[in-house]
Amino acid sequence: MIIRIRNNSDIPSSEITPESAYINRRKFLGASAGIGAAAFLARGAAAAPSGAPAHAAHLAARQDEEPNTFEEITSYNNFYEFGLDKKDPSKYAPSRLVTEPWTVKVDGLCNNPADYQLEDFIKPSTIEDRTYRLRCVEAWSMVVPWRGFPLADVIRRAEPTAAAKYVSFATLWDPEQMPERRWRPVIDWPYREGLRLDEALHPLSLLVTGLYGKDLPAQNGAPLRLIVPWKYGFKSIKSIVGITFTEDEPPTTWATQSPREYGFYSNVNPDVSHPRWSQATEKRIDSSKLFGYRRIDTQFLNGYADEVAHMYEGMDLQKHF
Ligand code: MTE
């Protein structure tokens with residue numbers, strides 16, 4: 001298994017890793033020999049292809065996959081609404097992004113459209129902790145212990161009609177709160193993303209409300225963001241206010257912006273280069289290293305091929321990138 005999925009209610013309090021253990025990486029690593037903290041680790045065993053030798057090789061290659069630190073995850077971000085520099089989101093979003101009250105509009109081709117207040121949208125009993133790899137299209141990556149609930153729960157509640165084939169998502173757009181000037185004329189805000197309905201229903205697709213057991217920081221897309229771990233990070237849209245079921249493939253921000261460089265699918269694929277750089281390797285952010293990262297090989301579908309590759313059988317992934 002690649003991830004340990006558990007409901008909060010399933011974790012005895014004795015097994016829950018104290019927050020202090022997360023904040024301090026050393027302590028966390030020490031603790032991870034025990035059962036509790038290990039539950040949060042994205043150990044490569046999960047993604048290992050079947051067959052003993054390959055499995056063993058894979059495990060060896062992946063032994064270093066402990067989660068990134070809270071500091072790394074919350075201070076090196078992409079959230080262009082708040083600026084282009086990796087430091088801008090943590091500098092500006094916490095004081096500017098207003099997350100209460102928060103409404104999520106569910107509409108389009110479904111039987112139960114609704115405007116939800118966030119507290120009605122999230123059912124605390126379904127919240128789980130899951131550690132996933134996050135691979136940005138810019139070729140940096142992290143391992144993040146998210147907290148959230150399956151996107152499939154929301155979709156089932158909405159009851160999409162037979163005509164619905166896709167789901168689209170929109171981020172809040174409020175120029176008062178998001179005063180990044182340089183991108184304003186370039187991007188057709190709000191930031192939008194989309195998935196095919198079967199991708200959205202896949203159990204790995206997660207709506208995230210927190211990380212490291214805490215509420216989601218503003219710079220990571222509070223109070224609600226998507227995480228689709230086998231796709232490039234830009235599919236994992238932040239600060240979601242709209243979820244719409246559509247019949248046609250919905251327009252998405254980066255594919256609209258630069259269709260030659262970014263596609264709708266955006267599945268992590270080391271064999272399909274970005275027109276301006278290779279995707280064969282990635283920089284795993286690691287602030288203990290001199291340059292702030294380690295160079296590692298990128299895995300097909302970000303290491304989740306066993307779980308998701310079947311959805312793309314027969315598709316030309318060079319064409320549908
Ligand atoms: N969502 C919105 N609304 N705006 C953005 O600029 N950037 C995307 C994605 N979601 C982005 C977004 C990109 S390119 C990446 S790699 C991830 O968020 C980064 O998530 P993180 O900052 O939590 O690591």
Side-chain angles (χ1 to χ4, degrees), residues 67-94 96-97 99 102 104 130-148 168-175 177-180 182-184 186-195 205-212 214-243 252-258 261-263 266-268 274 277 279 282-285 287 292-293 298 302:
N68 281 87
T69 65
F70 185 81
E71 177 63 23
E72 289 163 343
I73 296 164
T74 58
S75 64
Y76 186 95
N77 300 101
N78 276 340
F79 199 168
Y80 288 113
E81 289 87 333
F82 292 97
L84 301 191
D85 193 274
K86 295 284 180 282
K87 293 264 168 225
D88 285 342
S90 57
K91 222 190 274 174
Y92 301 121
R96 291 181 180 166
L97 180 65
T99 56
W102 192 268
V104 183
R130 298 195 194 177
T131 300
Y132 287 154
R133 297 177 203 102
L134 176 76
R135 167 57 157 88
C136 180
V137 76
E138 299 163 340
W140 55 267
S141 68
M142 297 206 202
V143 174
V144 187
W146 302 111
R147 170 164 283 190
S168 81
F169 304 85
T171 294
L172 174 75
W173 172 238
D174 179 355
Q177 297 177 51
M178 300 164 158
E180 173 47 48
R182 280 172 294 172
W183 278 102
R184 264 208 210 172
V186 183
I187 287 182
D188 181 20
W189 306 104
Y191 192 102
R192 290 181 193 283
E193 259 311 331
L195 295 171
S205 297
L206 201 65
L207 278 172
V208 162
T209 58
L211 62 88
Y212 267 115
K214 300 167 178 251
D215 284 348
L216 197 59
Q219 59 268 38
N220 295 93
L224 182 78
R225 60 109 39 108
L226 181 68
I227 288 291
V228 192
W230 69 94
K231 292 179 179 283
Y232 289 118
F234 68 84
K235 299 294 289 183
S236 291
I237 182 172
K238 295 179 167 182
S239 304
I240 295 169
V241 292
I243 299 178
T252 57
T253 292
W254 288 107
T256 306
Q257 170 76 16
S258 185
E261 296 181 311
Y262 308 103
S266 304
N267 290 318
V268 175
H274 185 281
W277 59 85
Q279 297 289 23
E282 64 202 53
K283 296 172 177 178
R284 174 64 52 83
I285 301 301
S287 46
Y293 65 84
T298 287
N302 206 20

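First listed ligand is number 1; within each ligand, the first listed atom is number 1.
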Quiz item: Relative to each other, are the rings of W173 and W189 parallel, tilted or perpendicular (30° and 60° limits)?
Solution: parallel

Exercise. Not counting sequence neighbours, which residues clear ring pair (Phe, Tyr, Trp, His ring centres under 6.0 Å) with F79? List them please.
Key: F82

Quiz prompt | Partners passing ring pair (Phe, Tyr, Trp, His ring centres under 6.0 Å) against F169 (at least two apart in sequence or in another chain) | solution = none

Practice problem: Check ring pair (Phe, Tyr, Trp, His ring centres under 6.0 Å) between W140 and all other residues, then give those that pass, not counting sequence neighbours. | Solution: Y76

Practice problem: Apply salt bridge (Lys or Arg N to Asp or Glu O under 4.0 Å) to K86 and E138, showing your working. | Solution: CA-CA 12 Å; K86 295 284 180 282; E138 299 163 340; 3.0 Å; yes

Practice problem: List, ordered by chain and residue number, the protein residues whose closest non-hydrogen atom lies under 4.0 Å from any atom of ligand 1. | Solution: N77, N78, F79, Y80, E81, L134, C136, W140, T171, Y191, N220, R225, G233, F234, S236, I237, K238

Self-check item: Intermediate values then yes/no, side-chain contact (heavy atoms from CB on, under 4.5 Å), W254 and I187
Solution: CA-CA 9 Å; W254 288 107; I187 287 182; 4.0 Å; yes

